[in-house]
Asker: 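If you scroll down you'll find the structure; I have some questions about it.
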Amino acid sequence: MKGEPYDPHAIEDRWRDFWHKRGFFKARIHDTSRKFYYLNMFPYPSGKLHAGHGRNYILGDAIVRFLIMRGWNVLNPMGWDAFGLPAENAAIEQGIHPRDWTWANIREFKRQFRAWGVEYDWDREIATCEPDYYKWTQWLFLKLYERGLAYRAQGKVNHCPHCEVVLANEQVIGGRCWRCGAEVEKRELAQWYFKITAYADRLLRDLEKLDWPEHVKRMQENWIGRSEGAEVTFKAEDGQDIVVFTTRPDTLWGATFLVLAPEHPLVDALTHPAHRDAVAAYREAATAKTEMERTAKALDKTGVPTGAHAVNPANGERIPIWIADYVMMTYGTGAIMAVPAHDERDFAFALKHGLPIIPVIARPDGLAKSFVFPGSVRSGLAEALARANIAFTAGPHRDRGEALYVTLRGEAEIDRYIDLVRAHLQPGSWCEVVGARWAFVFDDGVVPFDSVAADRKILARCKELEPKVGDKRTVMEMLAGLDFYRDVLFHAEHGTMIHSGPLTGTPGEAAVATTIRWLEERGVGKAAVHWRLRDWLVSRQRYWGAPIPIVHCPECGEVPVPEEDLPVLLPDVPTLGKQGLADIPEFILTRCPRCGGEARRDTDTMDTFVDSSWYFLRYVSPSDGKRPFDPELANRWLPVDLYVGGVEHAILHLLYSRFITKFLHDLGLLAFDEPFRRLFTQGMITYPAYWCPTHHWISPREVREGDRCPKCGAPLEVSVLAMSKSKKNVVPPDELIERYGADTERLYTLFMGPPERDIEWSEEGIRGAWRFLNRFWQLVIGELPRIAAVRREPDPARFDAAALALWRKLHATVQKVTEELEGRLGLNTAVAAIMELTNELSAYVERSDADLTLIRQTIRTVVLLLAPFVPFVCEELWHRLGEEKPILETPWPGYDPAALSEGEVEIPVQINGRVRARVRLPARDAADAEALKAMALGDPTVQERLRGHEVDRVIAVPGKLVSIVVR
RNA sequence: GCGAAGGUGGCGGAACAGGCAGACGCGCUGGCCUUAGGAGCCAGUGCCGCAAGGCGUGCGGGUUCGAGUCCCGCCCUUCGCACCA
């Protein structure tokens with residue numbers, strides 16, 4: 001028998017505007033006794049929302065509805081990150097004003113939110129492109145400028161020669177323009193920067209106090225990239241000081257050359273005349289390279305010598321100065337001391353260019369190797385080694401006869417080995433030990449390989465003895481010719497200092513600190529910390545952004561626009577050029593605020609990340625014309641209690657917002673210094689995307705049989721990717737809602753998997769949600785007549801076993817759902833729990849002796865539990881249940897812990913780790929270890945199993961299981 | 001290379017304090033209903049086996065009465081960062 005069919009459209013149309021009109025989503029801003037600031041990252045309004053966006057907004061709406069039912073006064077605003085390139089490009093291409101384009105999209109987004117039943121406090125709506133918002137973005141710039149935290153400096157920018165625009169770093173993909181694919185050029189321009197590096201330590205340190213996903217914190221940590229070490233001053237022969245940064249000052253004695261970045265300011269002065277041309281050519285090639293090329297050829301260690309030399313302050317060694325593009329001007333001091341024995345890059349560079357490599361840190365593993373050349377020792381060494389228990393293998397070496405490959409561990413063994421070799425060495429031969437010991441055994445004695453001088457001496461000697469060494473430039477190059485040695489020639493681990501003059505023998509743990517002290521005492525170095533984080537380049541040579549409020553005056557120079565003259569309005573122009581504001585003379589020409597003379601406005605707009613770095617503050621007082629935000633309200637409502645958005649913002653937006661918050665805190669405007677107390681990053685919804693080599697992205701619905709292109713029939717490349725308009729793999733919510741209703745889409749979106757994980761959208765999956773809602777609807781509608789007249793509350797004392805089981809399930813479900821929503825946001829498992837309860841209820845209502853008070857109570861509870869997920873159908877059913885008060889005014893159901901111990905449970909009994917029986921007993925007894933134990937041991941099946949065995953131990957876990965160990 | 005997350009049925013996933021592995025949903029199989037099914041309902045569904053039983057959470061060891069979960073050693077996938085000194 002089927003009742004009235006589930007008609008989502010009729011239901012959803014009925015309730016669509018209800019919640020909004022009743023004002024349930026309006027925050028009571030002055031009452032902060034039980035406040036909760038929930039925030040979704042605001043979107044960039046481009047085109048339309050797709051099902052993938054639902055992951056963020058539907059999730060948020062469900063959480064907020066739950067919080068409201070729990071009695072929180074929720075601030076849940078929404079706005080628009082409305083400045084940006086797509087609007088400007090659309091404007092240039094279609095000749096419409098970016099503002100009109102943007103607002104058309106905003107209207108579309110709002111329509112779609114409404115269709116989803118996703119509600120916000122729309123009285124607080126903001127758009128970053130509106131003058132009453134960007135006025136305060138400019139104000140923020142001025143405040144930073146006042147404190148010296150906004151400055152202008154020369155910098156290289158990415159420029160697309162085809163589009164004639166400057167591109168942000170994120171808009172350069174693989175060295176090419178993201179729009180037209182042209183190769184991006186570097187251009188030197190004066191750029192505005194925010195000095196975020198001044199906050200590096202605090203941004204790092206304060207991560208600790210945030211309730212954020214670990215991986216996001218780790219990403220920020222890496223991005224900020226603190227590294228501790230020392231700055232060491234090397235004197236060039238012509239008297240210049242060259243300061244290098246190193247994290248391994250303990251390797252100083254092994255620094256056999258210096259490398260400067262090609263852009264390093266000292267290069268010109270240092271370069272000797274004979275090298276000038278080569279250096280100039282190399283520098284030019286390096287600057288022409290894009291960042292991509294420079295890193296793509298990462299393994300090719302190119303470089304040229306300057307001809308200059310410096311003195312290693314540790315050992316007085318005269319070492320050459322090179323330039324190479326593996327050293328970046330933007331990190332550290334733009335110069336390094338190369339320690340090829342303990343740095344992989346320096347090792348490769350030194351080997352390639354024939355520079356000496358001197359080990360100065362002992363191997364922590366004590367491993368040493370020795371290759372005994374055929375004929376270099378008298379017979380009998382192999383036998384002697386075997387007697388001495390030294391590991392080796394013998395094998396032919398080319399056509400020269402049999403060689404020995406010896407592997408040694410530990411000092412004592414190495415000493416014994418050297419003695420044996422000396423005893424067997426043929427005159428005119430040599431043999432070396434490398435790794436944990438660096439020694440060359442000649443027929444007249446042992447020469448340690450411990451310095452550049454030793455390198456030269458040993459090499460000369462070897463060349464004398466063996467002509468084949470002839471072309472080798474260093475000892476290490478000679479050794480590197482032998483595969484057997486490869487893994488012991490270089491290591492980057494910490495360890496005891498060797499070959500390091502007075503500091504030789506300093507153990508690994510103390511090495512860095514000891515060396516720094518040594519340097520400081522001699523005035524040639526000091527402890528230093530460097531950061532990977534660089535200052536934030538905020539200039540964009542565009543139109544659709546907040547203009548930088550600076551005037552350039554020929555008399556007064558750089559002059560900030562006075563606060564009372566803000567905002568610097570974007571000029572209204574009929575058509576846009578490709579140069580942004582720089583194309584608009586009316587905008588540029590102005591008067592100097594200081595001297596009143598003719599001056600020019602700065603034509604840069606700010607990066608849109610500046611707009612979004614403070615928007616969460618504006619929501620507390622969105623229409624305040626006198627200040628960016630009401631500090632008193634901000635201090636009461638912020639930090640944001642729960643901030644939800646995509647991981648793609650894990651670094652930039654979140655780092656910038658933290659920086660600006662700390663800055664405003666330092667200005668004394670905010671009492672807190674972290675904007676987002678808890679962060680949740682939802683995963684993306686993926687869907688197959690099809691790529692045709694000629695026609696590019698093809699929408700899945702156009703794909704022909706056998707994954708072929710509809711236009712040319714070519715086989716398509718399929719990959720499952722995050723839904724995106726540009727890849728044409730989006731599922732439009734409008735169609736889903738048309739077919740199944742908004743509740744079905746909401747339910748599937750929340751049920752499909754853990755919200756933090758990426759998951760592929762499935763057509764079958766959404767049908768499952770649709771079927772569940774149908775069953776749920778039929779169940780409730782079918783029971784309405786029976787329970788309409790019921791007034792009594794359920795009384796567990798009168799329940800039979802089946803009723804008690806459902807009663808227990810009901811309370812367990814309320815507990816489960818409440819905990820999931822309050823804790824880890826496991827909405828998928830919350831929905832699953834409600835489905836379980838619904839399934840049990842469906843079975844229960846079929847019973848002839850079903851208790852109507854229980855049915856009524858269960859139905860009412862399920863409707864309330866489901867309301868945050870599927871608000872339309874629940875509001876409808878709640879109404880039909882005869883309730884006057886809307887759900888959002890109804891408290892969230894509670895649960896009674898006592899109910900959890902009602903009825904009977906089944907407990908498994910293990911014997912020697914295997915489940916051999918199950919006992920049924922009252923839940924109350926199962927909670928008692930002794931009662932449970934007795935019940936299990938008394939069970940006939942268990943007794944049968946125990947016959948002939950001695951019980952060794954019985955472990956009873958209350959409510960879980962009994963484990964019996966027998967012999 | 002470094003950092004992080006992850007590897008569980010045919011699929012998405014569950015098991016969040018070491019306690020019945022596979023909840024919930026999809027798919028599949030059989031049945032009912034139907035002129036019909038991309039509808040609905042009922043039953044089944046990790047693998048091997050007629051069964052009793054055995055085997056099962058990437059692989060190999062270990063701790064424990066008991067391991068998806070803890071420890072040691074590997075393999076693979078995804079995502080960040082990447083010549084950062």
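Values below: all heavy atoms of this structure, side chains included; hydrogens, waters and symmetry mates excluded. Sequence lines set the chain letters: A, B, ... in the order given, protein chains first and strands last, and positions in each chain run from 1.
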Asker: Return the set of residues passing side chain to side chain donor-acceptor pair (under 3.5 Å) with A/Glu930 (not counting sequence neighbours), or none when no residue passes.
Answerer: none
Asker: For B/G68, decide between syn and anti, treating a glycosidic angle within 90° of 0 as syn.
Answerer: anti
Asker: Hey, which sits more toward the 5' end of RNA chain B by its nearest nucleotide, A/Phe772 or A/Thr247?
Answerer: A/Phe772
Asker: If the condition is side chain to side chain contact (heavy atoms under 4.5 Å, CB included), which residues does A/Ala527 pass it with, not counting sequence neighbours?
Answerer: A/Ile516, A/Glu520
Asker: A/Phe349 vs A/Tyr326 aromatic rings, parallel, tilted or perpendicular, using cut-offs 30° and 60°?
Answerer: tilted
Asker: Please state the C1' separation for the pair B/C33 and B/A43 - nearest whole angstrom.
Answerer: 15 Å
Asker: Using the test side chain to side chain contact (heavy atoms under 4.5 Å, CB included), find all partners of A/Gln815 that sit at least two apart in sequence or belong to another chain.
Answerer: A/Glu819, A/Tyr895, A/Leu900
Asker: If the test is side-chain contact (heavy atoms from CB on, under 4.5 Å), which one of A/Ile336, A/Leu252, A/Val243 qualifies with A/Val232?
Answerer: A/Leu252
Asker: If we check side chain to side chain donor-acceptor pair (under 3.5 Å) with A/Tyr740, which of these qualifies: A/Arg767, A/His9, A/Glu735?
Answerer: A/Arg767
Asker: So, is A/Arg218 near the phosphate of B/C79, with a side-chain N or O under 4.0 Å from OP1 or OP2?
Answerer: no
Asker: Between B/G53 and B/G6, how many Å separate the two C1' atoms, rounded to a whole number?
Answerer: 35 Å
Asker: Taking only residues two or more places apart in sequence or in another chain, which ones pass salt bridge (Lys or Arg N to Asp or Glu O under 4.0 Å) with A/Glu783?
Answerer: A/Arg786
Asker: Expressed as a whole number of Å, how far does the C1' atom of B/G30 sit from that of B/U77?
Answerer: 38 Å
Asker: For nucleotides B/C50 and B/G58, find the distance between their P atoms and express it as a whole number of Å.
Answerer: 28 Å
Asker: Using atom P of each nucleotide, how far apart are B/G19 and B/C70 to the nearest Å?
Answerer: 11 Å
Asker: Donor-acceptor pair under 3.5 Å: do we get one between A/Lys301's side chain and the base of B/C83?
Answerer: yes
Asker: Among residues two or more places apart or on two chains, list those pairs meeting salt bridge (Lys or Arg N to Asp or Glu O under 4.0 Å) that have a residue in residues 243-262 of chain A.
Answerer: A/Arg248-A/Asp250
Asker: For A/Ile336 and A/Met219, find the nucleotide of RNA chain B closest to each by heavy atoms; which residue's nucleotide sits nearer the 5' end?
Answerer: A/Met219
Asker: Could you go over nucleotides 10-16 of chain B and give all protein N or O partners under 3.5 Å, atom names and distances?
Answerer:
{"from": "B/G12", "atom 1": "O2'", "to": "A/Met752", "atom 2": "O", "distance (Å)": "2.9"}
{"from": "B/A14", "atom 1": "OP1", "to": "A/Asn828", "atom 2": "ND2", "distance (Å)": "3.4"}
{"from": "B/A15", "atom 1": "OP1", "to": "A/Arg824", "atom 2": "NH2", "distance (Å)": "2.6"}
{"from": "B/C16", "atom 1": "N4", "to": "A/Lys816", "atom 2": "NZ", "distance (Å)": "2.2"}
{"from": "B/C16", "atom 1": "N4", "to": "A/Glu820", "atom 2": "OE2", "distance (Å)": "2.9"}

Asker: Reckon A/Gly768 touches a base, only the sugar-phosphate, or nothing at all at heavy-atom distances under 4.0 Å?
Answerer: sugar-phosphate
Asker: Tell me, please, which residues at least two apart from A/Glu836 pass salt bridge (Lys or Arg N to Asp or Glu O under 4.0 Å).
Answerer: A/Lys809
Asker: Any side-chain N or O of A/Asn839 under 4.0 Å from OP1/OP2 of B/A23?
Answerer: no
Asker: At less than 4.0 Å, is any side-chain N or O atom of A/Arg775 found next to OP1 or OP2 of B/G40? Yes or no.
Answerer: no
Asker: Can you say whether the rings of A/Tyr748 and A/Trp761 are parallel (under 30°), tilted (30 to 60°) or perpendicular (over 60°)?
Answerer: perpendicular
Asker: Not counting sequence neighbours, which residues clear side chain to side chain donor-acceptor pair (under 3.5 Å) with A/Lys727? List them please.
Answerer: none
Asker: With a 3.5 Å cut-off and just heavy-atom distances, do the side chain of A/Arg918 and the base of B/C20 make a donor-acceptor pair?
Answerer: yes
Asker: Just say parallel, tilted or perpendicular for the rings of A/Phe776 and A/Phe772, cut-offs at 30° and 60°.
Answerer: parallel
Asker: Stepwise, does the ring-ring contact (aromatic ring centres under 6.0 Å, His included) test hold for A/Tyr6 with A/Trp770?
Answerer: CA-CA 10 Å; A/Tyr6 170 51; A/Trp770 162 252; 5.6 Å; yes
Asker: Taking N or O atoms only and anything under 3.5 Å, show me the protein contacts with nucleotides 27-30 of chain B, one pair per line.
Answerer:
{"from": "B/G27", "atom 1": "OP2", "to": "A/Arg771", "atom 2": "NH2", "distance (Å)": "3.0"}

Asker: Sort by first number and list every stem of RNA chain B: at least 3 consecutive Watson-Crick or G-U wobble pairs, both distances under 3.5 Å.
Answerer: B:1-7 with B:75-81, B:10-12 with B:24-26, B:27-32 with B:40-45, B:46-48 with B:53-55, B:58-62 with B:70-74
Asker: Polar pairs (N or O, both sides) under 3.5 Å between protein and nucleotides 65-70 of chain B?
Answerer:
{"from": "B/C65", "atom 1": "OP1", "to": "A/Arg953", "atom 2": "NH2", "distance (Å)": "2.4"}
{"from": "B/C65", "atom 1": "O2", "to": "A/Ser963", "atom 2": "OG", "distance (Å)": "2.6"}

Asker: Base, sugar-phosphate or nothing for A/Arg916? Non-hydrogen atoms, less than 4.0 Å.
Answerer: sugar-phosphate
Asker: Identify, with sequence neighbours excluded, every residue that meets salt bridge (Lys or Arg N to Asp or Glu O under 4.0 Å) alongside A/Asp365.
Answerer: A/Arg363
Asker: How close or far is atom C1' of B/C84 from atom OH of A/Tyr331, stated in whole angstroms?
Answerer: 5 Å
